[in-house]
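No experiment lies behind these values; they were computed from the predicted model shown.
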Amino acid sequence: MKKRGFLWLLLMLTAFLAVTPAEARGKKTKKETTTVRLSPDEQARFDRVFFRAATLHQRGDIDQAWALYVRALEIDSLSAPALNQMSAYYEALNDMKNAQSHAEKAVAQDTTNYWYNRQLANIYARTDKDSAAIEVYKRLTRLYPQKSETYYDLAQVYLKKDSLTECVAALDKIEELDGVNPQLMMRRFYLLQMQGKTDEAFESYDRLIKRYPFDISYRISKGDMQMSNGMIQEAKATYDEAAAIEPDNAYLWVALSNYYSVTGNQTAADTLVEAALVNPNLDVKTKIDILTEYLKSSLRKVAEEKRKAKDTTDIQIPGVEELFEKVVAMHPTDPELYVLHCDYLSAVNQTAQAEQQMRFAVDLKPTEEKYWERFLQCAFLSEDTLRLEEYCSEAERAIPESCVPWLFRAYRAMDIKNYLDAVENFRSATEHLKPEEVNRKSTYLGAMGDCYHQQAMSDKKNAAYWMKKAYDSYDEALKYNPKNITVLNNYAYFLSLEKRDLNRAEAMAAKVVQQEPDSPTYLDTYAWIYFQQGNYMLAKFYQDMAIKKAENAPSASLWEHYGDILMMQGETEKALGFWLKASKMEDVENPELLKEKIDKETYIEGKPDWL
């Protein structure tokens with residue numbers, strides 16, 4: 001039995017590593033025409049080592065398998081299967097140089113092998129060697145013209161290179177091999193539209209409609225896209241085609257509603273939406289989807305009209321409350337309807353009414369955490385501390401395992417500047433998290449650090465103690481998520497203000513900028529650390545980037561820091577200009593210090609408020 005089991009495994013592995021039937025039918029590979037490299041004894045030894053490695057690999061013992069693959073290559077350094085396996089191993093380690101080298105050697109030994117070529121092409125694609133990847137993928141399409149996945153890969157690389165025409169050609173080849181695919185047709189549509197080839201783009205919809213003639217969703221989608229492209233009459237003709245097949249389709253009514261709204265017949269538009277929503281044959285989920293889209297469209301339209309008219313009053317959409325009343329009357333026990341109503345009321349700044357709708361949702365499903373979270377959010381915005389605490393206590397009883405009530409207690413405590421109370425509530429929130437929720441735990445620990453920092457600002461007598469607590473909380477937060485951007489940024493900035501552990505601060509800020517290279521705030525932190533280190537050239541480089549990313553709305557600290565940097569580089573006039581810009585803004589951190597710098601025309605080092 002053991003012998004039989006080993007042979008079965010051997011055959012399975014051999015089948016996996018051997019050439020495909022397509023290769024076997026083709027001409028001989030380079031490997032097959034080369035002379036024998038190993039003696040019979042060496043070949044037997046190689047086979048034992050290699051197949052043992054493959055066995056361990058299948059079992060998931062990767063490290064031991066890797067060691068044996070290395071040993072196999074010591075016996076036969078030109079073994080394509082072993083080289084390919086090592087390439088995959090290095091790729092998993094993100095050692096792309098070695099992954100590419102081994103893949104290239106494998107392909108050199110067996111130029112027609114599908115898997116070796118695919119491994120090499122994928123590595124080229126991952127390392128932005130797009131032209132090289134395309135050449136290998138194209139070789140595979142010649143060797144294996146019926147394998148559509150190669151054309152998928154080609155399409156991806158062409159798209160990455162903005163070779164849109166070639167990308168569309170690859171998608172057309174996939175269609176030829178696999179038939180019409182809705183997702184691919186939509187991608188094809190957008191690619192052609194990006195090239196301004198509108199007529200060709202809409203052929204994608206025509207292909208879908210031809211393939212699925214009785215599924216009117218493709219006609220509706222085509223009509224919607226025609227509307228987006230200003231093809232109003234063409235859209236109406238497409239909707240009419242859909243209506244001839246399925247006149248009572250509620251989604252078609254919503255599409256036609258948009259058409260009538262655009263063409264100025266708002267009464268007809270509202271009538272169609274209402275007809276869909278009160279349709280007794282339509283399920284409540286579909287009605288919620290329809291109402292959601294209607295509300296989004298209406299809010300966008302009204303907001304744009306108000307923007308053009310420079311009208312700053314709250315947005316109102318006539319008839320919406322009546323629509324909700326009718327739908328709720330038909331489906332009074334569905335909490336999602338009340339959630340949607342709450343979202344709408346929040347969007348039009350009717351916070352008290354929004355809170356009432358979430359009260360209905362919570363009462364219908366009192367053990368649903370997401371409803372409580374939304375309800376408490378509404379209550380938090382009302383700024384009624386006593387009522388929020390009452391709701392938090394109620395939530396604590398209804399969902400005792402949840403961190404949600406503790407979170408909102410913490411938020412309220414922070415809002416009223418009771419920072420130590422906030423810390424205790426964040427601590428309770430962490431205690432209610434599941435072990436796997438490490439990122440959330442890191443977030444709450446980071447918030448505790450922020451609270452300790454605020455306490456240090458308000459209790460300057462004991463500031464050093466509170467800042468140590470803040471740094472301890474940040475350290476704990478980073479144990480659970482070393483990439484926590486907010487914690488890394490705040491930690492680095494506070495250290496830089498104290499002018500201590502600047503190398504560590506620089507390393508943390510570098511991680512932040514690497515993750516979020518477009519954030520003015522994070523770039524400002526990075527620049528300020530370089531400033532504190534005396535590296536004014538790099539400080540100016542990153543502060544330049546910060547101001548550019550902030551576009552027309554930089555903060556006062558960005559201008560002030562830029563002035564500081566310029567002053568230390570001897571550019572007095574420019575520095576004064578930026579300090580004056582900062583002084584006219586409302587968010588200046590230390591107005592007295594900034595005024596002194598302007599008056600004395602020199603940089604004056606400030607100390608953080610907690611020192």
Side-chain angles (χ1 to χ4, degrees), residues 9-10 12-20 23 29-32 34 37-38 42-43 45-141 143-144 147 149-150 152-161 482-483 507 510-511 514-515:
L9 177 60
L10 184 63
M12 182 179 69
L13 292 171
T14 303
F16 175 77
L17 296 166
V19 296
T20 65
E23 293 172 290
T29 67
K30 180 176 178 180
K31 182 178 179 180
E32 291 173 320
T34 55
R37 295 190 301 273
L38 303 178
E42 288 174 325
Q43 186 64 55
R45 190 152 52 94
F46 172 85
D47 290 343
R48 286 196 299 272
V49 173
F50 181 81
F51 287 117
R52 177 60 180 161
T55 303
L56 291 168
H57 195 161
Q58 269 213 332
R59 290 177 183 172
D61 196 342
I62 305 300
D63 291 336
Q64 287 195 48
W66 175 78
L68 287 174
Y69 284 135
V70 171
R71 178 69 184 124
L73 284 174
E74 289 173 356
I75 300 168
D76 182 2
S77 62
L78 298 179
S79 166
L83 287 163
N84 191 60
Q85 293 284 24
M86 287 297 291
S87 172
Y89 180 82
Y90 280 120
E91 184 183 9
L93 293 177
N94 212 30
D95 182 350
M96 304 309 290
K97 183 178 179 181
N98 269 315
Q100 178 182 322
S101 171
H102 282 75
E104 287 172 340
K105 290 176 183 177
V107 170
Q109 293 305 306
D110 195 348
T111 56
T112 64
N113 183 283
Y114 177 78
W115 297 109
Y116 305 162
N117 277 284
R118 189 173 177 82
Q119 171 70 5
L120 177 59
N122 289 347
I123 288 169
Y124 283 149
R126 276 194 61 188
T127 54
D128 297 325
K129 299 179 178 69
D130 298 329
S131 297
I134 287 170
E135 288 307 309
V136 180
Y137 285 135
K138 286 169 72 174
R139 179 166 71 230
L140 281 174
T141 63
L143 289 168
Y144 303 94
K147 285 186 175 288
E149 57 262 34
T150 306
Y152 277 98
D153 295 326
L154 256 180
Q156 288 287 95
V157 182
Y158 279 135
L159 182 60
K160 186 178 169 188
K161 282 174 63 70
K483 295 182 178 180
K511 288 182 182 178
Q514 187 177 19
Q515 292 181 73

ask   = Going by heavy atoms in the side chains, are Leu38 and Phe46 under 4.5 Å from each other?
value = yes

request  = Check the angle between the aromatic planes of Tyr90 and His102 and answer parallel, tilted or perpendicular using the 30° and 60° thresholds.
outcome  = tilted

query = Is Ser87 reaching over with its side chain to a backbone N or O of Leu83, donor-acceptor style, under 3.5 angstrom?
reply = no

query = Under the 3.5 angstrom rule, does the side chain of Thr127 hit a backbone N or O of Tyr124 as a donor-acceptor pair?
reply = yes

ask   = Does the Ser101 side chain pair with the main chain of Asn98, one donor and one acceptor, at a distance under 3.5 Å?
value = no

message = Do Leu143 and Tyr114 make a side-chain contact, defined as non-hydrogen atoms from C-beta onward lying under 4.5 Å apart?
response = no

key: Side-chain heavy atoms of Thr141 within contact of Tyr137, under 4.5 Å   = no

inquiry  = With a 4.5 Å cut-off on side-chain heavy atoms, are Thr150 and Arg118 touching?
reply    = yes

task = Let me know which of Arg48, His57, Gln85, Arg52 forms a side chain to side chain contact (heavy atoms under 4.5 Å, CB included) with Leu68.
result = Arg52

query = Are more than 12 heavy atoms from other residues, nucleotides or ligands located less than 6.0 Å from atom NZ of Lys511?
reply = no

query = Between Ala121 and Ala133, what is the shortest heavy-atom contact and its length?
reply = O-CB, 3.6 Å

key: Backbone N/O of Lys105 and side chain of Tyr116: donor-acceptor pair under 3.5 Å   = no

message = Salt bridge check, Glu91 against Arg126: does any charged N sit closer than 4.0 Å to a carboxylate O?
response = yes

inquiry  = Show the nearest heavy-atom pair for residues Ser79 and Leu73, with the distance to one decimal.
reply    = O-CD2, 4.1 Å

query = What is the distance from atom CG of Asn84 to atom CD of Gln109, rounded to the nearest 0.5 Å?
reply = 12.0 Å

Gln100 CD to Gln119 CD distance, which is reported to the nearest 0.5 Å = 11.0 Å

Gln514, CD: over 12 other non-hydrogen atoms inside 6.0 angstrom = no

message = Let me confirm one number: the CG-OG1 distance from Leu140 to Thr112, rounded to the nearest 0.5 Å.
response = 10.0 Å

task = Flag the pair Asn113 / Val107 as yes when at least one side-chain heavy-atom distance between them is below 4.5 Å, and no otherwise.
result = no

request  = For residues Leu56 and Ala65, report the shortest heavy-atom separation together with the two atoms involved.
outcome  = CB-CB, 4.0 Å

query = Do Arg139 and Asn117 have side-chain heavy atoms sitting under 4.5 Å apart?
reply = yes

message = Take a 6.0 Å sphere around NZ of Lys160 and say whether it holds more than 12 heavy atoms from other residues, nucleotides or ligands.
response = yes

inquiry  = Is any side-chain heavy atom of Ile75 closer than 4.5 Å to one of Phe50?
reply    = no

ask   = Rounded to the nearest 0.5 Å, what separation is found between the CD atom of Glu135 and the NZ atom of Lys138?
value = 5.0 Å

